[in-house]
Q: 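Can you keep this structure in mind? I'll have questions shortly.
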Amino acid sequence: MTAAPATASAAPSPKVEAYQPSHFWANTRTYLGVALIVIWGLAPAVWMVITSFRPADATFETTLWPTNPTLENYRAAFSTDGGNNLPRALLNSLFISTTVTAIGLLFGVFAAYALARLNFRFKPILVGFILGASMFPLVALVTPLFQLFTNIGWMGTYQALIIPNISFVLPLTIYTLTAFFTEMPWDLEEAARIDGCTQGQAFRKIILPLAAPGLFTTAILAFIAAWNEFLIASQLSSATTQPVTVAIASFTGSIPRQEPYTTLMAAGTIVTVPLLIMVLLFQKRIVSGLTAGGVKG
Amino acid sequence: MRARKTIGAALATCAALVLAACSSGSTSSGGGGAADSTQDARGPITYVQGKDNSNVVRPLIEKWNSSHPNEQVTFKEQTDQADQQHDDLVQHFQAQDPSYDVVSVDVVWTAEFAAKGWLQALTDKLKFDTAGMLEPTIKAATYNNTLYAAPNTSDAGLLYYRTDLVPTPPATWDEMIADCPIAQQNGMGCYAGQFFQYEGLTVNAAEAINTGGGEIVGPDGKTATVDSAESAKGLSLLADNYANGNIPKEAITFKEEESRLAFESGKLLFLRNWPYVYKLASTDSTSVVQGKFGVAPLPGLTADKPGASSLGGHSLGMSVYSKNKATALDFMKFITNAENEKFQLTQGSLAPVLGALYDDPELIAQFPYLPTLKISIENAIPRPVSPFYPAVTKAIQDNAYEAIQGTKSVQQALTDMQAAITSATGGS
Amino acid sequence: MAVAAGSDTGSNQVQPKPGKIGTSESQGQGKRAALLVTPAVILLTVVIVYPLIQGVLMSFQKDSGLDPATGMFVAGGFAGISNYTHWLLQQCPTPSGEMVSCPPGSLGAQFWPAFWVTIFFTVVTVILETVLGMWFAMIMNRKLRGRGLLRAAILIPWAIPTAVTAKLAAFVFAFAGIVNAILNTEILWTGEEWPSRFAIIFTDVWKTTPFMALLILAGLQTIPADVYEAASMDGATKWQQFTRVTLPLVRPALIVAVMFRTLDVLRIYDLPAILTGGANGTTTLSILVVDQIRQGFNSAAALSTLTFLLVFFVAFLFIKFAGANVTADHQPKLEKVK
């Protein structure tokens, strides 16, 4: 790399300019790509929302807008008749995901600091261990975890859902945070220590603020991963503690064996809205987090 | 060193957990045999069932709870998918969980759960009286000549047909196929059942095989006898008619709902489905067949014998790990008494197991299909009563699916089916 | 690129070097490291290692067999490696006790088809997601108006829970659904072999390309514009810039992203299970495990151990031969670009 960054350790680095295409054809191609991306992301989701406003007997209507729009599906989705309880499932998901994210981030920060910053003999073993833990097929965890939690009386409790989920997001958080921490200007921390801070203080006052965008990104990734988890939650949760993924999968209409597609689409929309809001609010942070983290010296 | 200590601690924790879990009974040979004091015990219990879509169970439980203040029943509701309900029960039984007292058991699971020692035999102190109940439903709750569950609701296949196009329902397959040109003239499919690769396919395939005169397993529930000329005749009814288009191509993706919607939108002349379709086809606003359809027993091979329906339905099983078995027994008797069976019918269209209810004129007025349904149930042949049912149904499904699709000949499918069932039931 | 641990800036670098083994400096770091990683390690041990060990122990036990006298199931006893030969070599027992090839319709016979289907899904989806993800990432890297909308749009598929996506896919690919309507076809998406596979691949690619695009974008963002300017001044064409500048520089991030996605798809369960139920040649290894749990959980444990070994092996290939760098010590290729 060019000479400048190597010596620019003390100064904050200039923001990287993204590469710009320089002529018309590239621009057209770009906008074509943009259009594709937007359709890609939006089309199925938009179809889900549109379907949620159709009455049940017009489920497979193909018009772009429902001919008889109705809010019936939303009412049915929120109703607690027939054993559904979407509002409570939403709260459960919120609680579980938030807790999982917080603890996963905490443990992850510790471990990532150790991995990025310290040198110790068993580092390769640790890395291998974490990697190995992320490779395990989830289906194999079901029976043993079920037995374990039944034996200690934790079936259907929140902790039975939170603890496995933390383990699932840990490899993700550790890996992402390690990548961020590696790119941090550690010499700033060293300079602070030379000026009299302890290592802990230097970390808290210098590194952490700089790492904040990276932490944010990691938090969002962890939150979404926890929100999405289905298999283990479906086995270990009870009717009162089940998160939205399980609630949706077991959603029924009032008739047995009836797949209530329109109501399901309404429920799906409801469930996705919190995540979408988060993504909309934080998309800038996500990407700028990625940018700041990976910086040029 | 610290590092070693950390790893050592982690491994020790892990080892301790393994020991803890191993020692706390993960083997499944639970004994219901030892005379236990739980048989006389009374107290609160939990009832476990799949999704209560029609709000039948909750009112019944409330009724019980109001008159049994010290023996309150809690309702644990599972999902509405049969596979998930099964797996949930298996998980809890394997963990010897005492919190499931009375469970709703699909008729095909009775043998499996009984053989694993999870269901309490309903004899001696816990004897359950099955007088007045339809014979096939009692057989479905019996394993090894012992009653292991209390029949609760039943179900059988019916033939729905368009009365405006076919005034008299066909009594045999030949007659039904002879009506297919009528379907073609009206741009409809002739016949469909449920042919997606799931339990519903086992139901339909078993019906076809049994109607042809074949048997899937012998009386001992183990020996596969499905590879026979009669079975081939039966299964060919489905395979041949799929090949020549009498059964529409999309029927291979049908579960109950898809087939119902096809019939209701006027795309099918004949439909094989469960009784629940009756009410919906009569009342759905999008149903074009309102007032234009009727029900009949499934068509047979010859005019003197109706087609063999598979038996559906659920029974009430008592867990051997329950702590309050006397209460559990009383609750089971309560749910299955005449008054509550009637309620389950009127409230949830659930077919009762008490024969007398089928002859009640009031109920017949409300549910015109009752007499037809009774005939179907009485002639119903249960799916194989086998403790290895999950493997057996997989063997049937996979091979029947390929036979219908035409990727395998009927003969080959039956041979493979027999080999697979033998392997499943004879093995380890 | 970055001032990473042990990078080339020589004497200016104040990174603590690992002291000689046994010195108090490395011991101190070791102690501190152990303390910091303890919570994570304990949690992972309990939730992952314990089931893994229990699974392996179970895989050497036979499933319960039926005692003909009582009609009840009794514990199967020690199995040796018979569970493993059952799956790998298709050994199924007959009533007379001998071993034959597993007949179609039994789960044993499905092992190798499931193996190949899983590999097929993995290869196809990962290739598609990488190519599309790279393209999307390059577009998102540009300064455009409406960048926010773009990013939000691309994150939507990834934000929708898989359970919802599966239901949405079932709805969209239904026989009467919108896909058939748009294409004006009457394809049985969930009723035939290749349409089913296509539906699953399509849905999975739709859902996860955004994730890949994000990870690749992170890598792209580390490449400064002056590198491109320099190359452009040297006369490199767009394509050359892509292959000689972009690809090598984004390679570390790309390889790791590809590896994680590969390991994910090897274990895929939710999507095919809900969409096709594993029918029509779409049964993956994880679906087979769940099916087997229903019939005998010791055999299922053997199968899930085999799956784990497969995943582990693939990861090993990535790390050893593709240079997937999952440790913190990045060795940026950038140093070599002059």
Side-chain angles (χ1 to χ4, degrees), chain A residues 1 6 16-19 30 33-34 37-38 41-42 44-45 48 60 62 107 110-111 113-116 118-120 126-127 131 133 135-137 139-141 143-144 164 166-167 170 178 182-183 186-187 190 224 228 230 245 248-249 261 264 268 271-272 275-276 279-280 283 290-291 294 297, chain C residues 1-4 9 14 18 29-30 33 36-37 39-40 43-44 47-48 51 54-55 136 139 141-143 148 151-157 159-164 167-168 171 176 178 181 218 221-222 224-225 228 263 267 270 286 289-290 297 304 307-308 311-312 315 326-328 330 334:
Chain A
M1 198 17 224
V16 168
E17 282 294 311
Y19 177 57
T30 305
V34 168
I37 294 182
V38 172
L42 288 184
M48 176 171 77
F60 289 108
T62 56
F107 288 5
F110 289 163
Y113 183 81
L115 281 177
L118 304 175
N119 281 300
F120 44 96
L126 183 63
V127 170
L131 187 64
M135 293 192 301
F136 204 60
V139 289
L141 298 181
T143 312
I166 301 179
S167 304
L170 264 180
T178 306
T182 313
E183 319 292 4
W186 294 106
D187 23 359
E190 282 306 315
I224 293 188
N228 271 344
F230 170 71
T245 45
I248 291 234
Y261 277 127
L264 268 176
V271 158
T272 315
L275 296 181
L276 287 182
V279 159
L280 275 170
Q283 43 87 3
L290 294 173
T291 313
Chain C
M1 205 167 117
V3 175
T9 46
V14 240
Q29 295 206 351
L36 288 172
V37 304
L43 201 56
L44 288 175
V47 177
I48 312 271
Q54 213 200 10
F136 287 1
I139 292 179
N141 201 18
R142 303 202 208 278
K143 270 205 172 54
R151 284 194 221 112
I154 205 180
L155 288 177
I156 289 176
I160 302 183
T162 316
V164 176
K167 292 288 187 191
L168 182 57
F171 176 61
I178 191 72
Q221 300 254 349
T222 65
Y228 287 107
L263 300 186
R267 298 173 292 167
D270 293 351
S286 288
V289 171
V290 173
F297 49 90
S304 64
T307 310
F308 174 68
V311 174
F312 196 76
V326 292
T327 66
H330 292 291
L334 205 42

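Keep in mind that the numbers below use all heavy atoms, side chains included, and drop hydrogens, waters and symmetry copies. So that the names make sense, note that chain A is the first sequence line, chain B the second, and so on, each numbered from 1.
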Q: Closest heavy-atom contact between V164(C) and G268(A)?
A: CG1-CA, 3.8 Å
Q: Heavy-atom pairs under 4.5 Å with chain C: which of P144(A), A111(A), A45(A) has the most?
A: P144(A)
Q: If you take all heavy atoms of L36(C) and Y113(A), which pair is closest and at what distance?
A: CD1-CD2, 3.6 Å
Q: Tell me, please, which residues at least two apart from F107(A) pass ring pair (Phe, Tyr, Trp, His ring centres under 6.0 Å).
A: none
Q: What is the minimum heavy-atom distance between N228(A) and T162(C), and which atoms define it?
A: OD1-N, 3.9 Å
Q: Name the region of V34(A), side chain, backbone, both or neither, that has any atom closer than 4.5 Å to a heavy atom of chain C.
A: both
Q: In terms of heavy-atom pairs under 4.5 Å with chain C, which of V38(A), T245(A), L141(A) leads?
A: L141(A)
Q: Can you tell which of A181(C), S304(C), A33(C) has the highest number of heavy-atom pairs within less than 4.5 Å of chain A?
A: A33(C)
Q: Pick one of side chain, backbone, both or neither for V311(C), based on which atoms fall under 4.5 Å of a heavy atom in chain A.
A: both
Q: Restricting to non-hydrogen atoms, name the atom on P44(A) and the atom on L168(C) that form the minimum distance, rounded to 0.1 Å.
A: O-CD2, 3.8 Å
Q: For residues A133(A) and L44(C), report the shortest heavy-atom separation together with the two atoms involved.
A: CB-CD2, 4.0 Å
Q: Do you know the tightest heavy-atom contact between L42(A) and A153(C)?
A: CG-CB, 4.2 Å
Q: Is any side-chain heavy atom of I248(A) less than 4.5 Å from a side-chain heavy atom of P161(C)?
A: no
Q: Is it the backbone or the side chain of L43(C) that comes under 4.5 Å from a heavy atom of chain A, or both, or neither?
A: both
Q: Is L263(C) in contact with chain A via its backbone, its side chain, both, or neither, using a 4.5 Å heavy-atom distance?
A: side chain
